[in-house]
Amino acid sequence: MISTKSIVLTSILILQMSCSPSKHADSSKIDLSVSGKKLDVYTTAENSNLRLSLSNDLISKESLANTAVSIEVDPAKTFQTFLGIGGAITDASAEVFAKLPADKQQEFLTAYYDKNKGIGYSLARTNIHSCDFSSESYTYISEGDKDLKTFNIDHDRKYRIPLLKKAIENAGGKLTLFVSPWSPPAFMKDNNDILHGGVLLPEFAQSWAKYYARFIKEYEKEGIPIWGLTIQNEPMAKQRWESCIYTPEAERDFLKNFLGPTLENEGLGSKKIIIWDHNRGDMLEKRAQLVFSDPEVSKYAWGIGFHWYETWNGGTPKFESVAKVHEAFPNKNLLFTEGCIEKFDASKYQFWGNAERYGLNMINDFNNGTVGWTDWNILLDQNGGPNHVGNFCFAPIHADTNSGQLIYTPMYYYIGHFSKFIRPDAKRINETVSNKSLLSTSFKNTDGKIATIIMNQENKSVVYNLTINSQKYTITIPAHAMQTLVY
């Protein structure tokens, strides 16, 4: 087992290398421009020092016509417009961030939000009052205050709002932020409990709708623009933490009769409303059909959000359900709203399979029409928390709050192969991969640059040909590696 000290030291070295050329280039310059170059290759690979490293030495000087794998890219055929990639800024992330020394705080912000020196996150999610990744349960009103007379967000001013402001600043002044509730206040539910599921009582539906509007307005007064919102996190899950159940019909009716009209009446009709916010699978399709087929409710819904936890019982990811929704409702948007590696275990900080789970999901989701992808907590501590019900998990970056050091996992770099090189408003473009040994997706950015992301899950390196128009490149991708080609 690798010691925690070794992991920390290795992670610091990796961060310093992550946005600079590999050992075969001038490592004193942190410059990712591609001006004057036909193609650049960036690689992250297991059992190597490659971490988002410029690795043009993997391009062959001679074209090998008989390679087993070919990737053909056709930029003339385009698909969905890219919204962004990012992660959730939860209470837990903000509390851990506040414990870091100032220099580590800045390192962390740069690592995630700087598009040149970091991986350029452009999307974020945050919770409306408490969730499991809070140190305690709380709301913004006194219990029983259906008129919201006591509403205030003082709780969030200590940790979460300061981190959100810094994230926006380090992202260049703009961060597409959506918000999600885990549960209404206890008195608004039939079980009189903010935890353990329950349902919203009909007599409080209007109060709850106004609660969203009030939250958005209070955050925007703080200088934190809210782009959109989901109606309910995981509306079919009765959890031991904050949770609330909505049947498909209940969610539809709440949106149609309360939340949609309330946001419009409050001058917030431009906010993007996202339904479902739960796992891929049959229910994703059912929710989409029920809401998007009804013009009176569909007019309020920008799109549908989904998570990746449908595999909890040992099944495979239901990527086909994403494709079916996209095919049935091409004018609605699909957004990945949450995913993480469950069951935290510090001995698996550098477990490569965790990163490959991200790569597999991101490539398939984008190829099936998804416009944006949101990881769960951006930062957790050395215990995988804090979490007030012990539901600890992994984040791409952890902080050892005893030493003040940051620990970068392979997941951070795999996500970065997408978020750094695919920028908002890019268009996914058509490509064909001849062999299933490699997974790939391609996007064309607004500046004309194309980013092709390729993942190799094999135990051996793979030589492949990339063809675009009349140009052909022969490239090697190492075993268990991710590459981004920029051209």
State, to 0.1 Å, how close Ser93 and Asn377 come at their nearest heavy-atom pair, and which atoms those are. OG-CB, 3.6 Å
Would you find more than 12 non-hydrogen atoms of other residues, nucleotides or ligands less than 6.0 Å from Lys77 atom NZ? no
Please indicate whether Asp282 has more than 12 foreign heavy atoms, meaning atoms of other residues, nucleotides or ligands, lying under 6.0 Å from its CG. no
When His398 is tested against each of Phe392, Phe344, Tyr408 for ring-ring contact (aromatic ring centres under 6.0 Å, His included), which residue passes? Phe344
Would you mind checking if Arg157 and Glu222 are paired as a salt bridge, meaning a charged N to carboxylate O distance below 4.0 Å? yes
Is it the case that the ring center of Phe82 lies less than 6.0 angstrom away from the ring center of Phe443? yes
Side chain to side chain, Thr370 and Phe306, heavy atoms closer than 4.5 Å: yes
Flag the pair Leu466 / Leu485 as yes when at least one side-chain heavy-atom distance between them is below 4.5 Å, and no otherwise. yes
Passing option when Phe336 is tested against Trp373, Phe178, Trp276, Phe319 for ring-ring contact (aromatic ring centres under 6.0 Å, His included): Trp373
When Glu234, Glu342, Glu338 are each screened for side-chain hydrogen bond (donor to acceptor under 3.5 Å, both in side chains) with Tyr309, the one that passes is Glu338
May I ask you to decide whether Lys271 forms a salt bridge with Glu220, counting only side-chain N to carboxylate O separations under 4.0 Å? yes
Look at the aromatic rings of Phe108 and Phe97 and report parallel, tilted or perpendicular, splitting at 30° and 60°. tilted
Partner of Arg125 under side-chain hydrogen bond (donor to acceptor under 3.5 Å, both in side chains), picked from Thr337, Asp277, Thr374, Asp375, is Asp277
State which residue, out of Ile224, Asp156, Leu177, fulfils the side chain to side chain contact (heavy atoms under 4.5 Å, CB included) condition with Thr126. Leu177
Angle between ring planes, Trp376 versus Phe133, binned at 30° and 60°: parallel, tilted or perpendicular? perpendicular
With salt bridge (charged side-chain N to carboxylate O under 4.0 Å, His left out) as the criterion, how do Glu327 and Lys324 come out once you've worked through the C-alpha distance, each side chain's angles and the decisive distance to 0.1 Å? CA-CA 5 Å; Glu327 182 178 353; Lys324 288 178 182 177; over 6 Å; no
Salt bridge flag under 4.0 Å for residues Arg280 and Asp365: yes
Donor-acceptor contact below 3.5 Å, side chain His388 vs main chain Cys131: yes
Whether His417 and Phe421 hold their rings parallel, tilted or perpendicular, with breakpoints at 30° and 60°: tilted
Less than 4.5 Å apart, any side-chain heavy atom of Asn391 and any of Arg240? yes
Hey, are Glu107 and Lys104 close enough for a salt bridge, meaning a charged N less than 4.0 Å from a carboxylate O? yes
Any donor-acceptor pair under 3.5 Å linking the side-chain atoms of Glu242 with those of Ser130? yes
Classify the ring geometry between Phe329 and Phe292 as parallel (under 30°), tilted (30 to 60°) or perpendicular (over 60°). perpendicular
Does the cation-pi check pass for Arg357 over Trp352, that is, NZ or CZ under 6.0 Å from the six-membered ring centre and within 45° of its axis? no
Can you name the one residue among Thr452, Ile468, Ile59 that meets side chain to side chain contact (heavy atoms under 4.5 Å, CB included) with Leu39? Ile59
What is the distance from atom NZ of Lys472 to atom CD1 of Ile71, rounded to the nearest 0.5 Å? 12.5 Å
